Colleague: 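Shown below is the structure under consideration.
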Amino acid sequence: MPLSAVVADVATGVVLALRGGGDPYALSRVLPQDDPLAPAAIRVLGADVLAPYALDHRSAPAGADDETVVRQALAAYPPGPDASEVSVWTYRGLIEASRALLPGDPGDADRAWPQVPRAGAAWITTDPWPKLAFRASQLAALAFPGLAPDLADGLAARTDDLARGFVRAVRRRDWLQAAGLGRWLARLPHVPPTLGLDSGLVFVQQMSDGDARVALHVVAARQFYGRGG
Amino acid sequence: MLKDRTLVESGTLTDEVESLLDPAEPEGVFHDTRECAAKTLLLGALLASPPTPRPKKTETR
């Protein structure tokens, strides 16, 4: 099975948990057992794999198995010296979410989470709006409540540019980008009401033909911020 | 030998992870409405403008 398919399967499990369907969520249960692609899928989805733990009633308490698989992902796929900004930011996001939602133990060197790497932030102010919008959409997992507050503040200053990017992505029929931007916009204050974000998110999900990662962004926008119908 | 193959597979998977994290934006043609309107107005103005005056031919004998 290709990695993208494993990522889609895990994303589907997260979506079901966020919607409140099925058994209480446990990350280690939605991952393919003993599959070397499991840590890679966690690294790709980033903080989103822990999203149901932020909704108390949608999951069992995170356990040692969940902690182990996330540690494996962080150890196996750290951003290299030539890694993109997106790679560094998503790695940061996964560490921050793990600290907040998984057991860990800062006093125990073996169970402490890795240090958060420095991530460049100049692009937030300097990127032209189409590029900014695309990059922000790739970081939609960080639009998690309380995560990456500096990034959220920087993007809030460019809310209009993200709104333009949302419209652009819809017109290009780039549903994943549109969903990611819609999720950021759901988190940010002062989104122009003329954008029609709620109906836009519903439209994006309907048009995406069941794309699990699109559904994940849309459901997260609804569950955490009450946007998107 | 097996170790070498494992390393290659691991490297390939790392590349795959990076490419899924940071893929290139899909190709698409985007028309900025305001830019298109400005270009249309410019084209209209050019078409509606009178022809460029040419110097009159003067016969020299």
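Model, not experiment: these values are computed from the prediction.
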Colleague: Which residue is it: A/R43, A/R213, A/R183? I am looking for the one with a salt bridge (Lys or Arg N to Asp or Glu O under 4.0 Å) to A/D48.
Modeller: A/R183
Colleague: Please confirm whether the backbone N or O of A/V30 pairs with a side-chain atom of A/Y25, one donor and one acceptor, at under 3.5 Å?
Modeller: no
Colleague: Taking CZ in A/R173 as the centre, count heavy atoms belonging to other residues, nucleotides or ligands within less than 6.0 Å. Is the count above 12?
Modeller: no
Colleague: In the structure I gave you, are the side-chain heavy atoms of B/E18 and B/D22 within less than 4.5 Å of one another anywhere?
Modeller: no
Colleague: If you define the side chain from C-beta out and look only at heavy atoms, does anything of A/D9 sit under 4.5 Å from A/V6?
Modeller: no
Colleague: Report the distance from atom CZ of A/R168 to atom CZ of A/F134, rounding to the nearest 0.5 Å.
Modeller: 9.0 Å
Colleague: Only heavy atoms, only distances under 4.5 angstrom. Which residues in residues 84-98 of chain A are near chain B?
Modeller: A/S84, A/V86, A/S87, A/T90
Colleague: Check this for me: does any side-chain nitrogen of one of A/K131 and A/D161 sit under 4.0 Å from a carboxylate oxygen of the other?
Modeller: no
Colleague: Which atoms of B/E25 are under 4.5 Å from chain A, going by heavy atoms: the side chain, the backbone, both sets, or neither?
Modeller: both
Colleague: Spell out the residues in residues 145-158 of chain A that have some non-hydrogen atom less than 4.5 Å away from a non-hydrogen atom of chain B, in order of number; otherwise answer 'none'.
Modeller: none
Colleague: Please report the shortest heavy-atom distance between A/G228 and A/D198, naming the atom on each side.
Modeller: N-OD1, 2.8 Å
Colleague: Could you check whether any side-chain heavy atom of A/I42 comes within less than 4.5 Å of a side-chain heavy atom of A/Y77, counting everything from C-beta outward?
Modeller: no
Colleague: List the steps and the verdict of side chain to side chain contact (heavy atoms under 4.5 Å, CB included) for A/W113 and A/E67.
Modeller: CA-CA 10 Å; A/W113 294 103; A/E67 189 185 327; 3.7 Å; yes
